[in-house]
Trainee: 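Quick one: the structure is below, and I'll ask about it shortly.
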Amino acid sequence: MAEVTFGGSAEEVSLEEVGLRYEVDGKIATITLDRPEKRNAQTFATWSALARIGDSLPQQVRVVVIRGEGPSFSAGIDLRMFTPEGVPGQGSFAASALLDGATFEQRLARAQQGFLWLRRPDIVSVAAVQGHAIGAGFQLALACDLRVLADDAKLCMKEPALGLVPDLTGTKPLVDLVGLSRAIEICLTARTVGAEEAARIGLAELVVAPGELGQAVEDLTAALLAVDRDAATATKRLLQGASGRTLEEQCVAEGREQAVRLRALFT
Ligand code: ACO
């Protein structure tokens, strides 16, 4: 298993400094939030580093696993952002409030890039969640295609309780998964959703005992890798586009993808 690091230019700090570990083992990339003593709290540097991982993901990688070290998947954004001093080198919410609209949007767009690449059709992303996934932690889990939860998982969209909105790409997958009414209820009460409920309402594909989380993700990964890559990519693309198309349009899209598959397989 190759441990991958990024050279540190002024703005591109090392993954270790950011609190991330990134390993590529053949077709599987594993990203570990690795600041357990701070419950894997995230910063802009975390998201920028995630974006860089996405930008340079080796072509052979088919499954990306995101996991957290320690008792919590992630306690969300680093609470130092709420202080006047902020996170050293990364500013604070008070400083962000003074940015002009375009600069703020640009900065946020880069942060969101850290999440968006996990939807690429040529990969399947899997979040392995134990303990708390709060705010940005919940949104990171939502950014993945699949979620495997330990039965002690606790999901909470805490942003509205702190006067903020969830802005790290989480609102759309949440609505897609649980429907508008349930998403409103979960976000606007900022309540905690436990693992059993998460599975029941579509937020988790699988719930296992905490000690079985690693094995469950390995088994799922093996099953995903057993399917032909090009067929998997085309099928994910079809499924991702389904909600934006009519049934008739989806049938046409199926035909187009299948024609490509048939040509690849039989000519
Ligand atoms: N940012 C920075 N540090 C954090 C964060 C965080 N989000 N969460 C926990 N820590 C730190 C604590 O300050 C503590 O540090 P210390 O040992 O130096 O005092 C350490 O991590 C352990 O935290 P505990 O609270 O002792 O851990 P516990 O397991 O009892 O509780 C829990 C975990 C429930 C996650 C709790 O830490 C918590 O509520 N954290 C804040 C969650 C939050 O409000 N996140 C922001 C959401 S909004 C968003 O993400 C945009």
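Note that ligands are numbered from 1 as they come in the structure, with each ligand's atoms numbered from 1 the same way. This structure is a prediction, so every number in the text was calculated from the model and none was measured.
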Trainee: Of the backbone atoms (N, CA, C, O) and the side-chain heavy atoms from C-beta on, which set of Lys158 has a member under 4.0 Å from an atom of ligand 1: side chain, backbone, both, or neither?
Mentor: side chain
Trainee: Nearest non-hydrogen contact with atom 39 (O) of ligand 1 belongs to which option: Ile134, Leu162, Val165?
Mentor: Ile134
Trainee: Any protein heavy atom sitting closer than 4.0 Å to atom 35 (C) of ligand 1?
Mentor: yes
Trainee: Out of Ile77, Asp78, Thr43, who gets a non-hydrogen atom closest to atom 7 (N) of ligand 1?
Mentor: Ile77
Trainee: Within the structure provided, determine whether Phe44 and Arg107 are in side-chain contact (heavy-atom separation under 4.5 Å).
Mentor: yes
Trainee: Any protein heavy atom at under 4.0 Å, with atom 13 (O) of ligand 1 as the reference point?
Mentor: no
Trainee: Can you list the ligand 1 atoms lying under 4.0 Å from a non-hydrogen atom of Ala136?
Mentor: 49 (C), 50 (O)
Trainee: If we count only non-hydrogen protein atoms and require a distance under 4.0 Å, does atom 19 (O) of ligand 1 qualify as touching the protein?
Mentor: no
Trainee: Apply side chain to side chain donor-acceptor pair (under 3.5 Å) to the pair Thr32 and Glu69, showing each step before the final yes or no.
Mentor: CA-CA 7 Å; Thr32 302; Glu69 202 61 65; 5.2 Å; no
Trainee: Evaluate the side-chain proximity of Phe138 to Val193: yes if any heavy-atom separation is below 4.5 Å, no if none is.
Mentor: no
Trainee: In terms of side-chain heavy atoms, does Gln90 have a donor or acceptor partner in Thr43 at a distance below 3.5 Å?
Mentor: yes
Trainee: For atom 2 (C) of ligand 1, is some protein heavy-atom partner under 4.0 Å away?
Mentor: yes
Trainee: Given Pro160, Ala75, Gly135, identify the one with the heavy atom nearest to atom 46 (C) of ligand 1.
Mentor: Ala75
Trainee: When you compare the side chains of Glu218 and Thr221, does any donor N or O come within less than 3.5 Å of an acceptor on the partner?
Mentor: no
Trainee: Hey, is Gln139 touching ligand 1 through its side chain, its backbone, both or neither, going by heavy atoms under 4.0 Å?
Mentor: neither
Trainee: Please indicate, with yes or no, if any protein heavy atom is found under 4.0 Å from atom 25 (O) of ligand 1?
Mentor: no
